[in-house]
Q: 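Pasting a structure here, questions to come.
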There are 2 protein chains.
Amino acid sequence: MPVTIRDVAQAAGVSPMAVSKVLHGRGRNVRVSDESAERIRSIAEKMNYRANDLARSLRTQRTNTIAIVFEEFERLGGNTGYFIELFDGVISAAFERGFSVTVCPKMVNFSRNGVIWDGRFDGLIWCKPEDSPTTVEALANSVIPVAVLHAAFPEDLPVPVMVCDNTQGMDLAVEHLTALGHRRFSFAVDPANAHTDEARDRLFGLKTALQQRGIEFDLMRIHNWGHKGEGFEADWESGKIGTALVVYGEGQAGEILNRARQYGVTIPDQLSVVGFDSTRFCETTTPRLTAVRQPVEDMARLAANLLIDRIEGKTVDHSRHIFPCTLDVRMSTSSCPEASLRP
Amino acid sequence: MPVTIRDVAQAAGVSPMAVSKVLHGRGRNVRVSDESAERIRSIAEKMNYRANDLARSLRTQRTNTIAIVFEEFERLGGNTGYFIELFDGVISAAFERGFSVTVCPKMVNFSRNGVIWDGRFDGLIWCKPEDSPTTVEALANSVIPVAVLHAAFPEDLPVPVMVCDNTQGMDLAVEHLTALGHRRFSFAVDPANAHTDEARDRLFGLKTALQQRGIEFDLMRIHNWGHKGEGFEADWESGKIGTALVVYGEGQAGEILNRARQYGVTIPDQLSVVGFDSTRFCETTTPRLTAVRQPVEDMARLAANLLIDRIEGKTVDHSRHIFPCTLDVRMSTSSCPEASLRP
DNA sequence: TTGTACGCGTTATCAA
DNA sequence: TTGATAACGCGTACAA
């Protein structure tokens, strides 16, 4: 049914290569006369010829398509804006450079010896890979270029890695809160993230930032609550929670805001809350959530650009790109209620 | 570099077809003994063989990938949540059925005689096509199945079409506003959308809803403002704007909220505003925007499912699916300031 | 300019 | 039953 290059060639009385040359500019040393070229073009148009990209890609080994692998996504809108920013960054870079972007469900796995490869993608962006020997080996043996977003683990990976500066981001949060008079800090994380390197980094950043300001951090104030904040009430009742609460992620932070309100705790009057990952989601919480912002879109754009550089053989980058965070101050933080009592 | 099916065949001392049969179950009347099968499997594993999907797709004419075409998108996050919901709907349906989803930049055009087709997609979802003879012809002549989202124009298209019920949606808005005491209604639309069928439908819906309630609609109150609300001040000053303003889209509505505030007009006390397309964006405006919601995600999911049904040869659907709207009441609407004055 | 082979998995046909 | 061989899908590299 579809018209092939051979159909056009036959109709024009020339070879397939002549058509390929005229229509697609292929064939280094193929010459076609102007008259033939015109005839070919006209006939191709008349026959409504479209090149089959599959056949071309099979031959050239280039698809001009990159994949995004993100194990956590089923829904983009879900409850945070993280993936949106990520996707915006990737497609803006990819489109500019003539690449399409595929989101596919099966790429979440990788073969025992490397990243899965099936010919459909020139490269892939792997978001938040888990820290395991398998991951490291998969990256090392990948047959296609890979760029990684948010691999907090420290191994030297043979790929470009974009991460944000969790320590510096936490310092911003602490600076903001101490300026508001807070001295007793809590840190909350949910089970799914409690043992990630990112959580470790953020907790470490919190401790360091406090230490640098001469403030002690009480280990009792690490709260392993559920993703929906389960456990908040008990800790609040027992007085374990400080006046400032830093939460690992924006999703959990939002849930904690709700839970606190339902329990009669007024935010920010009684408790200041800072989340991590400031996206549009933080605009939708009550009160709106003060949060540390990672430049996710920039990170994603760089990831895509480095990946495509590699695909096009321009540069090979295996470095770790560290992005500074910023702080979006919203309505969930205010002066420490105890500050006025302090001498 | 990549290992092919022939490499495995040679290493196992069998034919490529034997490998294809064992590894992929192809070849109707090919039989392979258990011992050979085991050897093939083991060798393939050892050689880290991966099938090339391009070659397979070229042969089978199936890619298990669908495309999304959306002329307006460069940024998903942009200023509204529309595309997010759309994408969530599509990927949830597609993934469930083993399809990948590609967002590509070049599909915004179509050939003179049909939807562009390059072999990479089994079908495509076309969002908000413009109403033109070319569009209709392209759909009629498409070589791959197409499903359309939001083709407000009334032609009988040879594809499944998902639309929302603009008339009923507008009725919800009017019901809400009249219950609040409003009697003088304005309608705003920006130049980019002023001449679309959707704008026509919504304006018609507004007029009808008012008429049914015995309220007159003054044609002077159709406001062709800029996308950023340019023109609002002049019309406000001249008293042309009613007490209730219905806006074609959420983006323009958000801009109008800002502009009104800057001009000293208090929303909703002095003016109630209702937008169309209620997404998370409406949660981020000041005040939060009351808006008519289209079930975009449901529409997208159905579009994907109907498309895949068609691809798989299950059913052929050419009907127009009309989805009812709902109204999300937020903070941009309140009692009519004139209502108390009325006898 | 043209012919031939190639990229790689699969279909269809044929042989033991 | 067990399998091999040839041809195909379609655009392109390279030699002639």
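To find a chain, count down the sequence lines: A is the first, B the second, and so on, and within it residues start at 1.
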Q: Whole-Å distance between dC8(C) P and Lys21(B) NZ?
A: 24 Å

Q: Would you kindly give the CG-to-C1' distance between Asn52(A) and dG7(C), to the nearest whole Å?
A: 13 Å

Q: It should be established whether Tyr49(A) places a side-chain nitrogen or oxygen under 4.0 Å from OP1 or OP2 of nucleotide dG11(D).
A: yes

Q: If you apply the rule salt bridge (Lys or Arg N to Asp or Glu O under 4.0 Å), what do you find for Arg50(A) with Asp118(B), and how did you get there?
A: CA-CA 6 Å; Arg50(A) 294 286 143 197; Asp118(B) 59 19; over 6 Å; no

Q: How many angstroms lie between atom CG of Asp298(A) and atom CG of Leu302(A), to the nearest 0.5 angstrom?
A: 9.0 Å

Q: Can you measure Leu58(A) atom CG to dC8(D) atom C1' for me and round it to whole angstrom units?
A: 12 Å

Q: Just checking, is any N or O donor in the side chain of Asp317(A) or Thr315(A) under 3.5 Å from an acceptor N or O on the other one?
A: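 Not at all, the side chains of Asp317(A) and Thr315(A) share no donor-acceptor pair under 3.5 Å.
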
Q: Is it true that Asn305(B) and Arg97(B) share a donor-acceptor pair across their side chains at a distance under 3.5 Å?
A: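 Checked: Arg97(B)/Asn305(B) side chains pair up, N/O donor to acceptor below 3.5 Å.
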
Q: As an exercise, state the distance from OG of Ser319(A) to CG of Leu306(A), rounded to the nearest 0.5 Å.
A: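 CG of Leu306(A) is found 7.0 Å from OG of Ser319(A).
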
Q: Judged by modelled atom types alone, do Arg62(A) and Asn64(A) share a side-chain donor-acceptor pair under 3.5 Å?
A: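 Yes, a side-chain donor-acceptor pair sits under 3.5 Å.
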
Q: Flag the pair Glu297(B) and Arg301(B) as a salt bridge only when some basic side-chain nitrogen lies within less than 4.0 angstrom of an acidic carboxylate oxygen.
A: yes

Q: Do Phe323(B) and Gln294(B) come close enough that some side-chain heavy atom pair is under 4.5 Å?
A: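 They are not in contact (no side-chain heavy atoms under 4.5 Å apart), so the answer is no.
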
Q: How close or far is atom P of dG9(D) from atom CG of Asp122(B), stated in whole angstroms?
A: 18 Å

Q: Starting at CG of Leu54(A) and ending at P of dG9(C), how long is that distance when rounded to a whole Å?
A: 14 Å

Q: Using the 3.5 Å cut-off, write out each protein N or O paired with an N or O of nucleotides 4-6 of chain C and the distance between them.
A:
| from | atom 1 | to | atom 2 | distance (Å) |
| --- | --- | --- | --- | --- |
| dC6(C) | O2 | Arg59(A) | NH1 | 2.2 |

Q: How do Arg26(A) and Gln61(B) order along DNA chain D: which one's closest nucleotide is nearer the 5' end?
A: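 The residue whose closest nucleotide sits nearer the 5' end is Gln61(B).
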
Q: From the options Leu307(A), Ile311(A), Ile308(A), Thr65(A), select the one residue that forms a side chain to side chain contact (heavy atoms under 4.5 Å, CB included) with Asp122(A).
A: Ile311(A)

Q: Crowded around Gln61(B) CD? As in, over 12 foreign heavy atoms under 6.0 Å?
A: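 Check passes, neighbour count above 12.
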
Q: Output the single nucleotide from dT2(C), dC10(D), dT10(C) whose closest atom is nearest the side chain of Ser20(B).
A: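 Looking only at heavy atoms from C-beta outward on Ser20(B), the closest nucleotide is dT10(C).
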
Q: Please determine, for the side chain of Pro2(B), which listed nucleotide (dG11(D), dT2(C), dC8(C)) has the closest atom?
A: dC8(C)

Q: Rounded to the nearest Å, what distance is computed from the CZ atom of residue Arg28(A) to the C1' atom of nucleotide dG11(D)?
A: 18 Å

Q: Report which part of the nucleic acid Val14(A) touches: base, sugar-phosphate, or nothing (heavy-atom distance under 4.0 Å, all strands).
A: sugar-phosphate

Q: CD of Gln10(A) versus P of dG3(C): gap in Å, rounded?
A: 12 Å

Q: Closer than 4.0 Å, any side-chain N/O of His24(B) to the OP1 or OP2 of dG9(C)?
A: no

Q: Kindly point out which of dT2(C), dG11(D), dG9(D) is positioned nearest to the side chain of Ala51(A)?
A: dG11(D)

Q: Do any of residues 29-40 of chain B sit with a heavy atom less than 4.0 Å from DNA chain C, and if so which?
A: Asn29(B)

Q: Looking only at the side chain of Ile5(A) (C-beta and beyond, no hydrogens), which of the listed nucleotides dG9(D), dG9(C), dT12(D) gets closest?
A: dT12(D)

Q: Rounded to the nearest angstrom, tell me the gap between atom CZ in Arg62(B) and atom P in dT10(C).
A: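 Rounding to the nearest Å, CZ of Arg62(B) and P of dT10(C) are 14 Å apart.
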
Q: Using a cut-off of less than 4.0 Å, is there contact between a side-chain N or O of Ser15(B) and OP1 or OP2 of dA4(D)?
A: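 Ser15(B) to dA4(D) OP1/OP2: side-chain N or O found under 4.0 Å.
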
